Amino acid sequence: MTDSKITPATTVTILKHLVAGHDLNFVAGVTHLERGDVLDLVSSHGYPDVDKMAWAVDVLTKKAGEVPAGASRTRFKAFEPTVVKPTPPADIVVRATDSVLNLGKHSPKVRTRTLAAKIHTLLDDLTNRLADETAAREANLRAAKELVRNAARIAELEAELATLKGKTVRKPAKAKQTHTTRSVGNGGHPCPTCPRIFDTGQGVSLHQRRTHPIA
């Protein structure tokens, strides 16, 4: 490790990154140092104990004169969020979270290990819930699209039905029946007064006497 590369300010920067939850690989990439060199440096400042590294930041900051006389000596807060622009990609955030949880699982303190295990369980539960919600939204979207397609098909069928109802089938006209009022019997003896026809002349005479008597 080249000592000229490791200044107090660099040490403070490395420790702040680790306290904020970044892993050794991330810090080595940011500071352009070897991972082993970073590990050797921070091991003497309490790594992987976050509380010890936070205290080391305070001490080194004071030694470097970064805290003016009379300024507040508030202890550096572990896991204090820092504004980073632009927002780091999701995979970096995931790796940082995994690194913090891994450190917590291997902590010498029981409470820290218990908290890390609890957070890991909660993250798994959150991941599963988000996956279920995503699947439900996709299912609802597919159902809504299916309803739209069905409604469109129903509208098409109703239009076709209305068209078919508008086409009335014309029935053939019935032939007019002609009624011959004079066709009574098969004879050729018509009544001279009315349209009736009789078979015999005698029938005509009887008809006239009964129906058309002479006054």
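Because the structure is predicted, anything quoted here is derived from the model rather than measured.
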#### Entry: R137 CZ to D132 CG distance, which is reported to the nearest 0.5 Å
11.0 Å
### Query
Of all residues at least two apart in sequence or in a different chain, which pass the salt bridge (charged side-chain N to carboxylate O under 4.0 Å, His left out) check with E160?
none
#### Entry: Sequence-distant partners of K118, salt bridge (charged side-chain N to carboxylate O under 4.0 Å, His left out), two or more places apart
none
### Task
Show your working on side chain to side chain contact (heavy atoms under 4.5 Å, CB included) between I14 and L33 and close with a plain yes or no.
CA-CA 10 Å; I14 293 173; L33 297 172; 3.9 Å; yes
### Task
Could you please spell out the steps behind the side chain to side chain contact (heavy atoms under 4.5 Å, CB included) verdict for L18 and L24?
CA-CA 7 Å; L18 293 174; L24 293 174; 3.9 Å; yes
### Query
If only atom types and distance count, is the side chain of T112 paired as donor or acceptor with the main-chain N or O of P108 below 3.5 Å?
no
#### Entry: Test side chain to side chain contact (heavy atoms under 4.5 Å, CB included) applied to M53 and V57, step by step
CA-CA 6 Å; M53 289 190 293; V57 170; 5.7 Å; no
### Task
Could you grab the distance from atom NZ of K16 to atom CG of L60, nearest 0.5 Å is fine?
10.5 Å
### Query
Excluding sequence neighbours, so at least two apart, what forms salt bridge (charged side-chain N to carboxylate O under 4.0 Å, His left out) with D124?
none
### Query
Between L103 and P48, which heavy-atom pair has the shortest distance, and what is it?
CD2-CB, 3.7 Å
### Task
Look up atom CD1 in I154 and atom CG in L161, then write down how far apart they are to the nearest 0.5 Å.
13.0 Å
### Partners meeting side chain to side chain donor-acceptor pair (under 3.5 Å) with Q202 (sequence neighbours left out)
none
#### Entry: Partners meeting salt bridge (charged side-chain N to carboxylate O under 4.0 Å, His left out) with R153 (sequence neighbours left out)
E156
### Query
If every non-hydrogen atom of P192 is compared with every non-hydrogen atom of V204, which pair is closest and at what distance?
CD-CG1, 4.2 Å
### Query
How close do L39 and S43 get, heavy atom to heavy atom, and via which atoms?
O-OG, 2.5 Å
### Task
Please report the closest heavy-atom contact between A28 and E34, naming both atoms and the distance.
CB-C, 4.3 Å
### Query
Between T114 and R111, do the side chains contain an N or O donor and an N or O acceptor separated by less than 3.5 Å?
no
### Query
Shortest non-hydrogen contact from K105 to H120?
NZ-CD2, 3.5 Å
### Query
Taking it one step at a time, do L126 and L122 satisfy side chain to side chain contact (heavy atoms under 4.5 Å, CB included)?
CA-CA 6 Å; L126 177 60; L122 291 174; over 6 Å; no
### Query
Which residues pass the ring-ring contact (aromatic ring centres under 6.0 Å, His included) test with H17, sequence neighbours left out?
H22, F26
### Message
Test of understanding: clusters of I, L, V, M, F, W, Y form through side-chain heavy atoms closer than 4.5 Å, transitively. Do L115 and L123 belong to the same one?
### Response
yes
### Message
One thing to verify: whether D58 and K62 come together as a salt bridge, which I'm taking to mean a side-chain N less than 4.0 angstrom from a carboxylate O.
### Response
no
### Summary
For A116 and G104, the nearest pair of non-hydrogen atoms, with its separation, is CB-C, 3.6 Å
### Query
Just by modelled atom types, is the Q208 backbone N or O under 3.5 Å from a matching donor or acceptor in the T211 side chain?
no
### Message
Given 3.5 Å as the limit, does a donor-acceptor pair link the side chain of T121 with the main chain of A117, or not?
### Response
yes
